[in-house]
Amino acid sequence: MLEVKKLCTGYGRIQVLWDIDFAVGENEIVALVGPNGSGKTTLLRAITGMIPVKSGSVDFLGESIKGQSIEEIVSRGIAHVPEGRRLFPGLTVRENLILGAWRTKETSVDHVVDLFPRLGERLNQIAGSMSGGEQQMCAIARGLMSKPNLIVIDELSLGLAPVVVDEIIQALPSIAESGTSILMVDQDVDAALTIATNAYVLEAGHCVLSGKASDLLADPRVQESYLGVG
Amino acid sequence: MDTFLQVTAYGLLQGGLLALVAVGFSLVWGIMNIVNLSHGAFVILGAYIAWEVQGWFGLDPFLGMFVSAIVLFCVGYVIQRYLINLIVNGPVFITLLLTFGINMALIQGMNLVFTADFRSIQTSYGSNSFEIGNIRIPLVRLLAFLLAIVITFALVAFVKRTRTGISIMATGMDRGAARLMGIRARHVYALTFAISAALAGMAGTMIATIETFDPSKAGKFTLMAFVVAVLGGLGNMYGALVGGLLIGLVEAWAGQYLSGTWVNGIAFLVLILVLIFRPNGLVGKAFYAARVEI
């Protein structure tokens, strides 16, 4: 569905990513892991057009999306839940969700409230006044409102209480099964690899390891660097 | 006492028009962080368009103002989409410089096309008025006041209740996140500016039925829009209404009891006092307090 080949990019003259290859298939959950500054967020940004791709190719549903504007890429069916959630703080939860469905003009919020029942009680609350976990649920729900083919989630659990993280993580497999593939970045490598289908490990802008998430979870290099085992 | 009530009534009626001038200015400032120094020129341009339309087709100014609104909507859209959008992320000094330039171009253009003679829009009912007690209310002023209030409330309803309106607010709060929703921020900006210009055009038409106008008056309306918008709280549309009414009253009282030359001084004194005691403006806090950039 999403295929990235030999992608290089960066900010201005500073190159951050070198020759990244990866792919996300139908109904898959793909995790990107790696230390701070390894380029995970940059990669997500390059995919949705928030920063320009220097070289390489980005294909989505068989068509190149390289060089297109954020708005064009989003309207092809990729939702991006950015780092820091970026809800519209002064609008209500319902208004945030409705804006998530900007391109499909969907006004029913039922299918995302089924996924995160807590949001149902908070639809008329101002988004900025909710707890961090509820805001993350709202941000993911907002991304799902347009029923995208792919949802990109950056720093899913950053700064959230473990209980809430579990609740969100538990919801991901059913999202993938219902037809929205997931590309996620998370600092909680253990949790990410447990639910993911495939995973890629980035280090200093290079993809150093990739494969089935279950294999990576058992890989001694991953265990040593990220899981504190061994 | 009668004089006081009469002056107060005039102040309120004038204040409604000031509110309509300021509400679009405040919207543009709140959403895009642009202090539009050409706003007053839009007001005057709106007056000229309605004046011409009346001259050519005999159209009543209270209908002609919709022609002004449509023309200025288009002018505003094009100016923002193809000019101001180029530097909308620049430092405030650059946006000030550009809108200052647009203001000069518009004013000089109007001087060339319409000459610098004083104009006013006359109507057959222009001198009609009625009395409540001992207070005389001119019909045209009342009509203009009521329309200004209705249009201001209609704008608030549009921004808060419609999908497009909510997308404008969202873009103002976080442009980057709005783009991630697929909202075309450049179009939203142009639309916001167009609405602001259209409202200025309507206000200008109504002002032209009450007082004389010429291109050099543009600066006065920009200044008034600035004072009223800051007074009410930036980007806050009800705030612009409250601020407009207050400045209308203050100006009327100052003009009556002090002297005409003190009017602007007193208006700014009120502004300074409000900013000392309520730095976010009269009405609540500015809704865009949580602006972030991508």
Side-chain angles (χ1 to χ4, degrees), chain A residues 11 41 44-45 47-51 68-107 126-129 135 138-148 150-154, chain B residues 26-27 29-33 81 85-86 88-89 156-192 233-239 280-281 283-294:
Chain A
Y11 299 94
T41 294
L44 300 189
R45 287 184 174 167
I47 290 168
T48 44
M50 290 167 80
I51 57 167
Q68 294 191 341
S69 70
I70 300 177
E71 295 93 328
E72 282 169 329
I73 292 172
V74 168
S75 62
R76 282 168 180 267
I78 303 183
H80 189 145
V81 181
E83 196 177 354
R85 305 182 279 273
R86 303 278 288 264
L87 291 179
F88 302 111
L91 300 183
T92 65
V93 170
R94 186 190 297 275
E95 284 165 341
N96 268 280
L97 294 179
I98 284 171
L99 286 169
W102 179 253
R103 71 184 179 90
T104 53
K105 298 189 165 64
E106 172 73 54
T107 53
I126 298 294
S129 70
Q135 289 193 26
C138 184
I140 295 173
R142 183 177 68 173
L144 291 170
M145 274 296 288
S146 61
K147 302 201 171 90
L150 173 68
I151 186 167
V152 169
I153 307 174
D154 200 356
Chain B
S26 181
L27 184 71
W29 197 345
I31 298 295
M32 294 183 268
N33 204 19
R81 185 76 177 75
N85 266 351
L86 298 176
V88 74
N89 301 322
V156 174
F158 167 75
V159 171
K160 300 212 160 161
R161 297 271 170 263
T162 68
R163 245 171 76 85
T164 311
I166 292 170
S167 79
I168 290 177
M169 289 223 287
T171 309
M173 287 173 194
D174 188 339
R175 192 171 63 97
R179 295 187 70 198
L180 284 177
M181 304 298 109
I183 297 168
R184 289 177 297 142
R186 295 189 158 272
H187 166 73
V188 168
Y189 279 180
L191 187 66
T192 308
L234 276 185
N236 192 313
M237 291 165 280
Y238 288 127
N280 285 325
V283 180
K285 70 176 199 310
F287 77 83
Y288 77 115
R291 276 180 70 96
V292 260
E293 281 299 321
I294 193 167

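A note on names: the letters A, B, ... follow the listed sequences, proteins ahead of strands, and every chain is numbered from 1.
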Q: With rounding to the nearest 0.5 Å, note down the distance linking CG in A/L87 to CE in B/M173.
A: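 Separation between the atoms: 11.0 Å.
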
Q: Is chain B contacted by the side chain of A/A101, its backbone, both, or neither, given a heavy-atom distance below 4.5 Å?
A: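 When you check distances to chain B, only backbone atoms of A/A101 fall under 4.5 Å.
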
Q: Run the numbers on A/L91 and B/I166 for side-chain contact (heavy atoms from CB on, under 4.5 Å), then give the verdict.
A: CA-CA 8 Å; A/L91 300 183; B/I166 292 170; 3.8 Å; yes

Q: Check each atom of A/R142 against the heavy atoms of chain B and say whether the ones under 4.5 Å are side chain, backbone, both or neither.
A: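 Contact with chain B is through the side chain of A/R142 alone.
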
Q: Give the minimum heavy-atom separation between B/S167 and A/L99, together with the two atoms involved.
A: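 Scanning both residues, the minimum pair turns out to be CA-CD2, 3.8 Å.
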
Q: With chain B as the partner, which of A/K105, A/M145, A/H80 has the greatest number of non-hydrogen pairs under 4.5 Å?
A: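 That would be A/K105.
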
Q: Give a yes or no on this: more than 12 heavy atoms of other residues, nucleotides or ligands lie within 6.0 Å of atom CZ of B/R184.
A: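 No, not enclosed.
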
Q: Any non-hydrogen side-chain atom of B/M181 less than 4.5 Å from a side-chain atom of A/E71?
A: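 A side-chain contact under 4.5 Å is absent here.
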
Q: Determine, stepwise, if the pair B/R179 / A/V74 fulfils side-chain contact (heavy atoms from CB on, under 4.5 Å).
A: CA-CA 8 Å; B/R179 295 187 70 198; A/V74 168; over 6 Å; no

Q: Nearest 0.5 Å, please: how far is CG in B/D174 from CZ in A/R86?
A: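 Separation between the atoms: 4.0 Å.
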
Q: Contact between B/I183 and A/R103 at the side-chain level, heavy atoms closer than 4.5 Å - yes or no?
A: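 They are not in contact (no side-chain heavy atoms under 4.5 Å apart), so the answer is no.
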
Q: Is B/R163 reaching over with its side chain to a backbone N or O of A/W102, donor-acceptor style, under 3.5 angstrom?
A: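 Judged by distance alone, yes, a pair lies under 3.5 Å.
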
